[in-house]
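Following this message is one structure expressed as structure tokens.
If you're wondering where the values come from, they're calculated on a predicted model, not measured in any experiment.
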Amino acid sequence: MPEMLTSAELDAFHEAGYHVARQLLAADEVAEIRETFMAQAAEGPVEGLSEASKAFAPDDPLARYPRMMHPHRHDDKAVGSLAMRHMLDERVAAVLRDLLGEEPIAAQSMFYFKPPGSRGQDLHQDNFYLRVHPGTCMAAWFAIDDADRDNGGMVVVPGSHKYDVQCPKASDRELFFTGDRVDPPAGTQETPVDLAAGDVLFFNGSIIHGSYPNESADRFRRAFICHYAPRSCEEISKWYFPLYELTGQTVVRAEATGGGPCGDTGDAVTGPH
């Protein structure tokens, strides 16, 4: 029997491609994550940790609060040990074991601030970037604020994980800060997933998902996000090395090969997702 999920929850996950673990984090844990990352960003973007703010116009809220990439690699900063601890959290691992059907390995951490007025992230599929093979990656999306339609919460396309990973087209940069978009397959549609702070949204690496602009006047939509792969995978994009067992030990996999869904010349992955 599953350690964390019921048979009905597992069936629902395999059908829809996502699962919400309500209140997986306690209120004090959420507050610690929020306060630690806000303190790290108090003086603006952090070189080597924050996404390059020059990619944004000066009046773009994301120029002040760009996402932080792979904070777990920065053990010289307060966010480093915090990110590593939550990326390897046994409660998260227990859910992942049920969803993957095997032991997970950790590949990435990120922190999104998404202040009021920020653009969203257009619909996409995570395994286009991670290129886990065989199988696919899995995301754990920790809500650090309540996340809903007002402040740019998550949307998913249930069942879209049953389709192949697609080659994206260009997104609308007026609405989205990322350049890729994947259209939902015929017969599927976007579904908002409202989350309370402390909830964790788990989703399959092939499911189409994203978010729209934060249209609230004064609400951040902060999120801590980690990506994982099944231990049995043989390769993954080099941008996610080093990989970690959930014990914290590093583990080696081959660098992803082949051209992916865009062919050998069209899908060069130039950095972490």
Side-chain angles (χ1 to χ4, degrees), residues 1-25 70 72 83-110 124-143 154 156-166 182 193 195 199-209 223-257 260-261 272-273:
M1 292 295 291
E3 295 180 4
M4 293 291 290
L5 277 68
T6 66
S7 295
E9 287 172 328
L10 274 177
D11 289 345
F13 169 77
H14 290 306
E15 179 63 26
Y18 70 98
H19 170 75
V20 179
R22 300 290 181 186
Q23 298 301 283
L24 194 65
L25 296 186
H70 292 295
H72 69 278
M84 181 67 84
R85 172 157 49 92
H86 286 289
M87 184 175 73
L88 304 180
D89 191 311
E90 177 55 32
R91 294 166 295 182
V92 175
V95 176
L96 289 168
R97 289 185 191 106
D98 286 352
L99 300 180
L100 290 169
E102 61 177 281
E103 192 71 18
I105 55 176
Q108 184 186 31
S109 65
M110 300 186 291
H124 63 283
Q125 295 165 292
D126 287 347
N127 210 44
F128 175 76
Y129 307 93
L130 277 85
R131 303 213 2 224
V132 171
H133 179 79
T136 189
C137 60
M138 191 78 68
W141 199 100
F142 299 66
M154 291 286 284
V156 300
V157 180
S160 57
H161 64 299
K162 299 176 183 178
Y163 296 80
D164 291 338
V165 171
Q166 302 177 40
V182 170
V193 182
L195 301 168
D199 292 347
V200 179
L201 171 64
F202 293 85
F203 52 91
N204 181 290
S206 295
I207 198 171
I208 298 171
H209 66 285
F224 177 66
I225 305 160
C226 297
H227 287 99
Y228 303 85
R231 189 177 187 180
S232 63
C233 77
E234 297 173 1
E235 60 182 37
I236 187 171
S237 171
K238 65 181 180 181
W239 302 107
Y240 303 91
F241 296 163
L243 307 171
Y244 294 89
E245 299 273 7
L246 273 294
T247 60
Q249 298 296 312
T250 57
V251 60
V252 176
R253 293 293 182 272
E255 178 183 338
T257 57
H273 167 53

Rounded to the nearest 0.5 Å, the CG atom of Leu88 sits from the OG1 atom of Thr247 at a distance of 8.0 Å

Check whether any side-chain heavy atom of Val20 lies under 4.5 Å from a side-chain heavy atom of Arg22, and answer yes or no. yes

Checklist entry - Taking C-beta and beyond as the side chain, do Trp141 and Leu195 meet within less than 4.5 Å on heavy atoms? => result yes

> Is there a donor-acceptor contact under 3.5 Å from the side chain of Arg253 to the main chain of Arg231?
Replying inline: yes

In short, Ala107 meets His70 closest at the heavy-atom pair O-CE1, 3.7 Å

The reported gap from OG1 in Thr136 to CZ in Arg131 (rounded to nearest 0.5 angstrom) is 12.5 Å

The reported gap from CD1 in Ile105 to NE2 in His227 (rounded to nearest 0.5 angstrom) is 14.0 Å

Check: Do the side chains of Ile207 and Ser160 get nearer than 4.5 Å, heavy atoms only?
Finding: yes

Open item on the list: Please check if the number of heavy atoms outside Gln23 that lie under 6.0 Å from its CD is greater than 12.
Closed with: yes

Here the pair of heavy atoms bringing Asn127 nearest to Cys137 is OD1-N, 3.5 Å

- prompt: Do the charged groups of Arg97 and Glu103 touch, with an N to O distance under 4.0 Å?
  reply: yes

Closest non-hydrogen contact found for Ser109 with Cys226 is CB-SG, 4.1 Å

Closest non-hydrogen contact found for Asp89 with Leu25 is OD2-CD2, 4.4 Å

Does Asn204 reach the main-chain N or O of Gly17 with its side chain, forming a donor-acceptor pair under 3.5 Å? no

| task | Using a 4.5 Å cut-off on heavy atoms from C-beta on, say whether the side chain of Phe241 contacts that of Val252. | result | no

Show your reasoning for whether side chain to side chain contact (heavy atoms under 4.5 Å, CB included) applies to His14 and His161. CA-CA 9 Å; His14 290 306; His161 64 299; 5.6 Å; no

- Carefully, step by step, assess Phe142 and Val92 under the rule side chain to side chain contact (heavy atoms under 4.5 Å, CB included). CA-CA 10 Å; Phe142 299 66; Val92 175; 3.6 Å; yes

Smallest heavy-atom separation, Pro261 atom then Val165 atom, equals CB-O, 3.5 Å

Between the OH atom in Tyr129 and the NE2 atom in His124, the distance rounded to the nearest 0.5 Å is 6.0 Å

- Task: With side chain to side chain contact (heavy atoms under 4.5 Å, CB included) as the test, would you mind laying out the steps for His72 and His86 before giving the verdict?
- Result: CA-CA 9 Å; His72 69 278; His86 286 289; over 6 Å; no

When rounded to the nearest 0.5 Å, the distance separating CZ of Phe13 from CE of Met138 is 4.0 Å

His19 and Val95 have their tightest heavy-atom pair at CD2-CG1, 4.3 Å

Side chains of Met87 and Gln108: does their closest heavy-atom pair fall under 4.5 Å? no

Step-by-step side chain to side chain contact (heavy atoms under 4.5 Å, CB included) determination, Thr257 to Glu255: CA-CA 6 Å; Thr257 57; Glu255 178 183 338; 5.8 Å; no

Below 30° counts as parallel, above 60° as perpendicular, anything between as tilted: where do the rings of Phe203 and His209 land? tilted

Checklist entry - Any donor-acceptor pair under 3.5 Å linking the side chain of Arg91 with the backbone of Leu24? => result yes

Under 3.5 Å, side chain of Gln125 to main-chain N/O of Ser206, donor-acceptor pair present? yes

The reported gap from OH in Tyr163 to CD1 in Ile208 (rounded to nearest 0.5 angstrom) is 9.0 Å

